[in-house]
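Written below as structure tokens is the structure these notes are about.
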Amino acid sequence: MLSFVIILSFLAFASGCDTVECIQEVLLSLNKDLLRSLDTQDGLPNPSVHLALRLSDYHNLGKENEHLVKLKTHLHNDIQNSLSNNKPVTGRLALYIMALKSSCYDLVTATFTVNEAKDTLLTNLKRQMELEKEHILFTHRPLTNYFQYSLGVLALCVSGIRVNNHVSNKLIKAVEHRAFKNFDMHAMAGMALQCVKDSGSHVHSAELDSALIKIKQTILASARVDGHFGNEFSTGLAVQALLAMGDNPGDYARSLDAIRTTARSNTYHNPMAISQILPALQHKSYLTLKTKECLNEDNTLLLGPTNPVVVLPSDSKVDVNIEVVTSNGAHIVYSLDVPKGSSLLEALELLNSQNAGFTFETETSLWGPFLSTLNGEQARQGDRRYWHLSSDGTALKEGIGDFRIEAPQKITIRNTSY
Ligand code: B12
């Protein structure tokens, strides 16, 4: 009898989540996780999380307003500093603008002062986009990357600002020449270009249409057997892009089910990941911001008391080899035992504390700690290099803060160009 029940529950789990109850349960659970992250997240308030909470049908208006205040102070000051120091900030500024817009905040009232000139956020973003465009002209690459370039176009467009044709043309050309290094860039470009198309401001409509078709084909061609587009962390944005491009709902119904099934296996714990899938699960894309009105909003999302989770260090140890391959090809392997279930970050900290001559540094990002320096060697965005992570030859789908070591393995950290 017991085994029958186990088999039944396994089948229910494996067959996805497409009943009304299951769909609603997953949605509310992710929405609450995201809301809870406002209190638990270290570092700067996250504009992508704010955006997703505000695009949801369910709200906790008190907590969302508190977060808005934090964005307008902490994130605002951080972007101001980057602008003052000429650091590229396109993606963050774009997300900040979209977060404010999602709260129906009057964008004209927020300003940055750069070189003694006080300008609105949108004027500053337009200026960043000009810098990005110039950079493409001279180096064939944006100052940041095409994901952030698309975010910039999208933020201007959903705010009703006419996007300079030269700026959108660079994105169209990038699609045409297959210049995107990461699959997720297609989704963001799809939303940006669809917004430009809908605004009617673009003069080369044939090129624009053909770029949109190419993006749609690329996304659809990436469908996995389980319904995900790209990987589990790409599907939310991919579905958002298909929704924005007015695709046939049949094309992404399976993907929504795949997201829910993955959510039930507890894969989406990083708030950034949840923030990219939650709008898709509610059949919304970032384009819905264009018409967002903050009227008669629901205010029923409550967080019950949480039982403090005490994580006891695991008794069982796992044997890991950490191989570091530097830019000149030299490699060194460190062996250590870590408690089962440790994050890769915890393993690196342990290795560092063992005085094996191993050091590392991280930079904060919206996704958590980004590994930037190993044994004194930096792999930096400015040089188009990064420390690539893989386990037994397979690229990790998560960063050092999220990836958990459950079994013996060799983790390779390689200084790689992109
Ligand atoms: C561009 C990009 C990169 C570029 C970033 C540099 C650049 N200028 O182009 C490079 C190639 C370096 C990169 C590296 C990695 N990436 Co990446 N990346 C992206 C992408 C497409 C856009 C990020 C961005 O610009 N966001 C916009 C700005 C506003 O946000 P931001 O936080 O300020 O951006 C910075 C960080 O996001 C950081 N970053 C980029 N990727 C990652 C991954 C992790 C885990 C962390 C902590 C930070 C980080 O670089 C951004 C630019 O400075 C996203 C796609 C997505 N859906 O978000 C994937 C994405 C974030 N990356 C991902 C992964 C897995 C990685 C790697 C771990 C891959 C690997 N096996 O090594 C490494 C990070 C390793 C490390 N050293 O810590 C996953 C993360 C999933 C997850 N659950 O954590 C994503 C979602 C792609 C995907 N669908 O799988 N990435």
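For this chain, numbers begin at 1 and follow the sequence in order. Predicted model, so just to flag it, every value in this text is computed and none were measured. Ligands are counted one by one from 1 in listed order, and the atoms in each one are counted from 1 as well.
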| query | Which ligand 1 atoms are under 4.0 Å away from a heavy-atom of Gly399? | reply | 45 (C), 84 (O)
| said: Check this for me, if you would: do Glu346 and Arg404 make a salt bridge, where the nitrogen-to-carboxylate-oxygen distance has to be below 4.0 angstrom? | reply: yes
| task | Take atom 91 (N) of ligand 1 and look for protein heavy atoms under 4.0 Å from it; say yes if you find one, no if not. | result | no
| message | Does the protein place a non-hydrogen atom closer than 4.0 angstrom to atom 64 (C) of ligand 1? | response | no
| Does the protein put any heavy atom within less than 4.0 Å of atom 54 (C) of ligand 1? | no
| message | Does the protein come close to atom 3 (C) of ligand 1 - that is, does one of its heavy atoms sit below 4.0 Å from that atom? | response | no
| task | State, without any angle test, whether Thr144 and Glu132 hold a side-chain donor-acceptor pair at a distance under 3.5 Å. | result | yes
| query | Against heavy atoms of Leu237, which atoms of ligand 1 measure under 4.0 Å? | reply | 57 (N)
| task | Quick one: look at Trp367 and ligand 1, take heavy-atom pairs under 4.0 Å, and tell me if it's side chain, backbone, both or neither. | result | both
| note | The side-chain contact (heavy atoms from CB on, under 4.5 Å) partner of Val324 among Asn415, Val333, Ile411, Ile332 is Ile332
| Would one find an N or O of Glu398, backbone or side chain, under 3.5 Å from an N or O of ligand 1? | no
| query | Between Lys133 and Glu130, does at least one N-O distance fall below 4.0 Å, as a salt bridge requires? | reply | yes
| Is Asp251 salt-bridged to Lys216, going by a charged N under 4.0 Å from an acidic O? | no
| task | Could you name the option among His388, Gln276, Lys397, Arg141 that has the heavy atom nearest to atom 58 (O) of ligand 1? | result | Gln276
| query | Do Asn270 and ligand 1 have an N or O pair less than 3.5 Å apart? | reply | no
| said: Out of Asn182, Thr362, Asn231, who is nearest to atom 18 (N) of ligand 1 when you count heavy atoms only? | reply: Asn182
| Closest protein heavy atom to atom 87 (C) of ligand 1, given as residue, atom name and distance to 0.1 Å | Asp184 OD2, 3.7 Å
| Interfacing atoms of ligand 1 (cut-off 4.0 Å, heavy-atom, Arg92) | 29 (C), 33 (O)
| field | Protein heavy atom under 4.0 Å of atom 60 (C) of ligand 1 | value | no
| request: Name the closest protein heavy atom to atom 72 (O) of ligand 1, giving the residue it belongs to and the distance to 0.1 Å. | output: Leu389 N, 2.8 Å
| request: Go through the side-chain N and O atoms of Ser56 and Gln282 and say whether any donor and acceptor fall under 3.5 Å apart. | output: yes
| request: Around atom 6 (C) of ligand 1, find the nearest protein heavy atom and jot down its residue, atom name and distance. | output: Tyr418 OH, 3.4 Å
| Does a donor on one side chain and an acceptor on the other come within less than 3.5 Å for Thr267 and Glu232? | no
| field | Nearest-neighbour protein heavy atom for atom 36 (C) of ligand 1, which is reported as residue plus atom name and distance | value | Ser365 CB, 3.6 Å
| field | Thr144 and ligand 1 - part of the residue with a heavy-atom distance under 4.0 Å | value | backbone
| task | For atom 67 (C) of ligand 1, state whether the nearest protein heavy atom is under 4.0 Å away. | result | no
| Looking only at side chains, do Glu323 and Thr412 share a donor and an acceptor under 3.5 Å apart? | yes
| said: Looking only at distances, can you tell me whether any N or O atom of Gly368, backbone or side chain, sits closer than 3.5 Å to an N or O atom of ligand 1? | reply: no
| note | When every non-hydrogen atom of Leu287 is compared with those of Leu154, the smallest separation belongs to CD1-CD1, 3.6 Å
| Do Leu371 and ligand 1 have an N or O pair less than 3.5 Å apart? | yes
| message | When you measure from atom 82 (C) of ligand 1 to the protein, is at least one non-hydrogen atom found at a distance under 4.0 Å? | response | yes
| task | Would you please classify the geometry between the Phe183 ring and the His186 ring as parallel, tilted or perpendicular, with 30° and 60° separating the classes? | result | tilted
| Considering distance alone, does some N or O of Gln148 sit under 3.5 Å from an N or O of ligand 1? | yes
| field | OG-CD distance between Ser327 and Glu377, expressed to the nearest 0.5 angstrom | value | 3.5 Å
| message | Which residue is it: Lys292, His50, His67? I am looking for the one with a side-chain hydrogen bond (donor to acceptor under 3.5 Å, both in side chains) to Ser103. | response | His50
| query | Are the side chain of Gln128 and the backbone N or O of Pro88 linked by a donor-acceptor pair below 3.5 Å? | reply | no
| message | Between Asp257 and Arg254 (salt bridge meaning N to carboxylate O under 4.0 Å), is one present in this structure? | response | no
| task | Of the side chain and backbone of Lys181, name the one, both, or neither that has a heavy atom under 4.0 Å from an atom of ligand 1. | result | neither
| message | Which of the numbered atoms in ligand 1 are under 4.0 angstrom from any heavy atom belonging to Gly91? | response | 29 (C)
| said: If we set the cut-off at 4.0 Å for heavy atoms, which region of Pro369 has an atom near ligand 1: side chain, backbone, both, or neither? | reply: backbone
| request: Evaluate the 4.0 Å heavy atom contact test for atom 41 (N) of ligand 1: does a protein atom fall under the cut-off? | output: no
| query | For ligand 1, is Ile400 a contact, meaning one of its heavy atoms is under 4.0 Å away? | reply | no
| Are side-chain N/O atoms of Gln194 and Asp198 paired as donor and acceptor at under 3.5 Å? | yes
| What is the closest protein heavy atom to atom 9 (O) of ligand 1, and at what distance does it sit? | Asn145 ND2, 3.2 Å
| Close N or O approach (Tyr386, ligand 1; < 3.5 Å) | no
| task | Look at atom CG of Asn115 and say whether more than 12 heavy atoms of other residues, nucleotides or ligands are closer to it than 6.0 Å. | result | no
| task | Indicate yes or no for a side-chain donor-acceptor contact from Asp119 to the backbone of Asn124 under 3.5 Å, with no hydrogens or angles considered. | result | no
| Quick one: which of Tyr146, Phe233, Trp387, Phe147 has a heavy atom closest to atom 77 (N) of ligand 1? | Trp387
| task | Specify whether Tyr96 and Phe112 have parallel, tilted or perpendicular ring planes, treating 30° as the upper limit for parallel and 60° as the lower limit for perpendicular. | result | tilted
| query | How does Phe370 reach ligand 1, by side chain, by backbone, by both or by neither, if only non-hydrogen atoms under 4.0 Å count? | reply | both
| task | Record the part of Leu366 in heavy-atom contact with ligand 1 below 4.0 Å; permitted values are side chain, backbone, both and neither. | result | both
| message | Under a 3.5 Å threshold, yes or no: a donor from one side chain and an acceptor from the other, between Ser84 and Asn81? | response | no
| Judging by distance only, is a nitrogen or oxygen of Leu396 under 3.5 angstrom from one on ligand 1? | yes
